[in-house]
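First the structure, in the form of structure tokens, and then the observations on it.
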Amino acid sequence: MDYLATKYLRSRKIPSSACSGCGLGQCHKALVKAIDDLGYERNDIIWGTSIGCAGRQTFATWKGDSFAGTHGRVYAIARGLRLALAPEKRLVLTVGDGDAFGIGFNHLLHAVRTNAQMTVMVCDNLGYQSTGGQYGWTTPPGVVTDSSPYGMFEPNWVQPGRDVLMILKEAGATFLARHVSMDGGVLVETLRKALRNNGFSLVHVVYPCTTNFGKNALGSRKPVDIFRWIKSHAKPLGLEKEDTIWRTGIYLDASNSRPEFSQFMREKVEEIRRRHGNEGAH
Amino acid sequence: MTAETQRDKPGKTDETMKRYLETGNFAVAQAAVMAGCRAFCGYPITPATEIAEAMSKLLPRVGGYYVQAEDETAAMHLAIGASLGGMKSMTATSGPGFILYADPYGWAIGCEVPLVVLNAQRVGPVSGITGAPGQGEFYLSRYVTQGGNFETIVLAPGTAQEAFALTIEAFYLSERFRTPVTILADQLITDGWEDLSIPETEEEKRLMGLKFFERRAHPGPKFYPPTDEIDVPPVVLGMGAGALCSDWTPTEEGYDIETVEAQHKHAYRLIYKIRNHKDIIMRSETLFLDEEPDLVVVAYGTPSRVVKTAVKRAHERGQSIGMIRPISLWPFPEELFKSRATYLSVELNYDGQMVREIQRAAPCGSEVHFFGKCGELPTVSELQEVFDKLLKGEPLQRRGWETEAW
Ligand code: SF4
């Protein structure tokens, strides 16, 4: 990360305060690498984050402007901000699974509906880990957490027939993908594509939480155990096996095919202004 | 003798100004646009819907945006986002939406985001009566979010004309104090039709006493000074300042930190930037206080209009009576409650809210009474009856389901 860190990240926040062995760093690094590959400078990007591990550990790491919303609201703040920002600025959000698919889901859906430009990386640690490890909306079946002591028995949102990315697709997203954090160059390639979309992009990335998920679900805090476990349950789309939990790859690439939120708002306002001037207002 | 004093009562008009027969909702929308508001984010709710409707019509004509949100929480967060991007923004709602604002209020207060919020109070709790005036959010407008450690600025118009002036004032104060400013109206003010003058020229605006403040952007790097100073430019994202804002306790630069010292510095700023500059915010109207009356009636918003009529009549009849109408509600204008007297708080609720604040502010030896109606205004004769009793030293009693008194 050294070259990238020096160029884009604040020394005060790197290394981050994530637990040692946490896979969040892989997600973070992949995104910064994709940003660098596309030649963005620090002031081209406004970086928003959520609460939870994914939000807290990435907040204020970016050398440019950075903001963190309360639980689930960052998508609404980002959509308002999108209206006021110069069109060429890019919004990037790093958020958690609980934030995006639970408490903030309604706001996320409406950002999707309006195709508001934001590249959202959902860094998924498979539950509520910063609060000690409770189950969430992507926790795999049977997994023991502090709030599912008999194993997770509720349906989750990555199972076939109930995939959250399909909901987002129908809701109007223009770029959707899923990966695991150890996907390396493939993940970076996907993130580059997500960033090139002037619209709503979401990349769902599962990463290993050693401290809580590893301990509760696998009975091991050893990074190697959970890294291996996640990797072995991820397969590219079309190559799924019986025990595949995460089908990885690009689910939808309709980049730049539909008007972006702030763009159609600007165009409409211009049109109304031409027709009506400022009649009715003093 | 100047019996009637108006401490910076806003909204002086003159005959040459353009006049309308219009609602408070219309007045607020016109004022917001005039104050430079370019983003209104709302959610339909009676009786504030017409503000949203008016803004959806007006804003595009001046290059601004109306956004209808998925819920009230989102509406205020969208307005926050627009403000963070450098646009003056506003949202409006009523009780059931106002309670959902608790979340974004906290964020906006903590990150010191300028913003204007209007609450057209109706009758509660919960959905209650949609199309009737209430005053149930007196304390909620003070303690708008959890956690404490902040002061709020709340303005309460009594007429559509005043709603116009106070909306412009709210934008002005929100920029100077870097905080959301709440306009606490009620259903009769937003929905009621009234004679309204709207200034058009700079001269007319000056005559009306309107003040405007342009949006500026903080250059960094110390975005959150641990001082009580005002006129500090707010954080604006997208300007290349390396700005930081979050829901966590900030360092001066905006990094998240969990130390008591940093939290105390932050809280000091959020409390004292407002407390120590209260004189800029304070507005009120009083009647006959210089006569040191035995009975002082206190009311804000729409009921204050009936109270004013009743007090004037009682005064004409020779009763020792005066009136206080707080226009800025929070910080509460306790300095108006200097003399030992019998105070009567007239409110549009049955539980008695402002009366508790008067009990706190009134000097030792004062008596403080409450007369409450809800969903409808008190009548002049009802008030006269109450005044007579209090001046005779008789206790007040509630009357069936109609009035609450203590
Ligand atoms: S609790 Fe888990 S997800 Fe959170 S920082 Fe620690 S290892 Fe990472």
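Naming convention: chains lettered A, B, ... in sequence-line order (proteins, then strands); numbering from 1 in each chain. What's counted below: heavy atoms across the whole structure, side chains too, no hydrogens, waters or symmetry copies.
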Most contact-rich option vs chain A, by heavy-atom pairs under 4.5 angstrom, among G85(B), G64(B), P60(B), is P60(B)
Cut-off 4.5 Å, heavy atoms of chain A, and the answer for C41(B) is neither
Bottom line for R56(A): the part with an atom under 4.5 Å from chain B's heavy atoms is both
**Asked** Is E253(B) salt-bridged to K13(A), cutoff N-O under 4.0 Å?
**Response** no
For the pair H71(A) and D103(B), evaluate side chain to side chain donor-acceptor pair (under 3.5 Å) and give the outcome as yes or no after the intermediate values.
-> CA-CA 9 Å; H71(A) 47 212; D103(B) 190 356; 2.9 Å; yes
Applying a strict 4.5 Å limit to non-hydrogen atoms, the region of A243(B) in contact with chain A is both
Applying a strict 4.5 Å limit to non-hydrogen atoms, the region of K89(A) in contact with chain B is side chain
Under 4.5 Å to a heavy atom of chain B? For R274(A) that would be neither
Nearest heavy-atom contact between I272(A) and R61(B) is CG2-CG, 4.3 Å
Cut-off 4.5 Å, heavy atoms of chain B, and the answer for S50(A) is backbone
When the 4.5 angstrom heavy-atom criterion is applied to M239(B) and chain A, the contacting part is backbone
Rounded to the nearest 0.5 angstrom, the OG-CZ distance for S246(B) and F59(A) is 4.0 Å
